[in-house]
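Just below is one structure, and these are the notes that go with it.
Sequence lines set the chain letters: A, B, ... in the order given, protein chains first and strands last, and positions in each chain run from 1. Values in this document were obtained by computation on a predicted structure and should not be read as measured data.
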There are 2 protein chains.
Amino acid sequence: MYRTKEQRQSDRRTEILDAAQRCFARSGFHQASMQEICAEAGMSPGNLYRYFPSKEALIAGISERNRAEAAASFAKVDSAPDFFEGLAGLARHHLVDRSDVEVGLCAEIMSESRRNPEIARLYQDIEHDIKNRIAAMLRLAVERGEVRADLDVEAAATVLMVLGDGMSWRRSVEPGFDAERVLPLILKMVHCLLAKSADSPADCASRCGEGER
Amino acid sequence: MYRTKEQRQSDRRTEILDAAQRCFARSGFHQASMQEICAEAGMSPGNLYRYFPSKEALIAGISERNRAEAAASFAKVDSAPDFFEGLAGLARHHLVDRSDVEVGLCAEIMSESRRNPEIARLYQDIEHDIKNRIAAMLRLAVERGEVRADLDVEAAATVLMVLGDGMSWRRSVEPGFDAERVLPLILKMVHCLLAKSADSPADCASRCGEGER
DNA sequence: CTATTGAGAGCGAACGTTCATTCTCAGAAT
DNA sequence: ATTCTGAGAATGAACGTTCGCTCTCAATAG
């Protein structure tokens, strides 16, 4: 009975977050009205406010919920047999496979964090976390000798995030953007940036140009 | 007197656009109220509406105004003695030298175009124009033998825009983002993507790593 | 040179709407 | 009987836009 009550509350909360996520991705954070979210969640405003104290709390809840999920995908790279293959998998997962809803939502959170300090702090926490994971991933690959030793790891991590953001935005802003077509070029560039200079361009092409899919 | 009148009207319009640009960059398109823009322009709402029929018209005006300016910077690359130096200059101009106001404004237009069809059409026109210019620039470089002949020019142009968007967003979203530090890595990657495979990595480093600034 | 006039420039209060949030109250569960 | 859950109308602030008014000033008439 304790269990059931808390369980129910938690379920209700995730239902609401799901509905809000769809609305935000579809209409944007400001454009999506509480009424719209309530309708999507099949619930009255008064009731929704019993679960979340404000509209901001909805975004915060969504961001928080996605943090763990995002973080998990980095672990895979470290345990992949070949670093660049692992990275390619990560890239595909983040740049191509993600649903339009997720991409749109990400865009929405980014632009909201430009002016909403509350969201900005939350978002920057997550970004910082992700950047650290990328940097750690790169350092591990350096130790393993898969990546050039003289790399500016911090800057390289930033570059990878730049690529991620750029791809994400093009996807959400350019209709008919073909991530699939661009990905090989991206991977090639990244390989060039990270790989030891001894690795030949031919090797680069064979590893990045094809190799997955 | 004909001249003066039209001149005055035009001046007023650019003044208003300047003010609106500052407001939008600072507060965002939706957050910036007409009152705020009026205050910034030193003008009453009623009067401002004599020059622009709506808030949307302000964004449209700003976008339109920046199109030519943006386009002009591409001509420089074509006339540069070395393609990659020209490209590096363009990159520096777009990724590092741009003012925070411009970057913020760009972010604002992008996110607004995600949900405002009117703005979306305008923005996509401009983006399309820019992409064509980049592609043309690349094709010219291919003809000159400065860039590898087997390049997927369309995809490469998209990649360059991805990089531009990514850098722009990181600048406007990550406090303390150091574009200067990241730029060499970006240029190196781009060189790797575009240059003929005959060009050695050493050549790449000397051309991209330093060379300007 | 002065007076008249009329259109453009400008103001700021007011309007109508939208929206997040709160209030009130009724039914269900315990 | 009391607490939990829910609905939906009410509230009040904020916003884009409009409206009616005043002021400025150059052109013309006297």
Choosing from C:dT22, C:dG10, D:dT17, which nucleotide comes nearest the side chain of B:Ser54?
-> D:dT17

B:Ser27 side chain vs B:Phe24 backbone, donor-acceptor pair below 3.5 Å = no

Ranking B:Gly46 and A:Met34 by the position along DNA chain C of their nearest nucleotide, the one closer to 5' is B:Gly46

Between C:dT22 (P) and A:Lys55 (NZ): distance, integer Å | 14 Å

Checking all strands, does B:Phe52 fall into the base, sugar-phosphate, or nothing category for heavy-atom contacts under 4.0 angstrom?
-> nothing

Separation of atom CG in B:Leu48 from atom P in D:dC15, rounded to whole Å | 16 Å

Quick one: label A:Ala57 by what it contacts on the DNA or RNA (base, sugar-phosphate, nothing), any heavy atom closer than 4.0 Å.
-> nothing

Using only side-chain N and O atoms of A:Asn47, determine if any of them is under 4.0 Å from OP1 or OP2 of D:dT5.
-> no

Round to a whole Å and report the spacing from CD of A:Glu36 to P of C:dT18.
-> 14 Å

Take the angle between the ring planes of B:Trp169 and A:Trp169 and call it parallel below 30°, perpendicular above 60°, tilted in between.
-> parallel

Of the listed nucleotides C:dC11, C:dT21, D:dT17, the one nearest the side chain of A:Pro45 | C:dT21

Would you indicate whether the side-chain heavy atoms of A:Ile59 and A:Glu118 approach each other to under 4.5 Å?
-> no

Just call it for B:Ala32: base, sugar-phosphate, or nothing, with non-hydrogen atoms closer than 4.0 Å on any strand.
-> sugar-phosphate

Any B:Arg50 side-chain nitrogen or oxygen under 4.0 Å from OP1 or OP2 of C:dC11 = no

Rounded to whole angstroms, how far apart are CD on A:Glu56 and C1' on C:dC19?
-> 15 Å

From the list D:dG16, D:dA7, C:dA9, which nucleotide is the closest neighbour of the side chain of A:Met43?
-> D:dA7

From the list C:dG10, C:dA9, D:dG6, which nucleotide is the closest neighbour of the side chain of A:Tyr51?
-> D:dG6

Is any side-chain nitrogen or oxygen of B:Tyr49 closer than 4.0 Å to OP1 or OP2 of C:dC11?
-> no

For the pair made of CD1 in A:Ile16 and P in D:dA7, what is the distance, rounded to whole Å?
-> 10 Å

Between A:Gln35 and C:dT21, is there a side-chain N or O to OP1/OP2 distance below 4.0 Å?
-> no

Under-4.0 Å salt bridge between B:Glu174 and B:Arg171 | no

Nearest heavy-atom contact between A:Arg148 and A:Ala195 is CD-O, 3.3 Å

Starting at the 5' end of DNA chain D and moving along, which residue's nearest nucleotide shows up first, B:Gln31 or A:Gly42?
-> A:Gly42

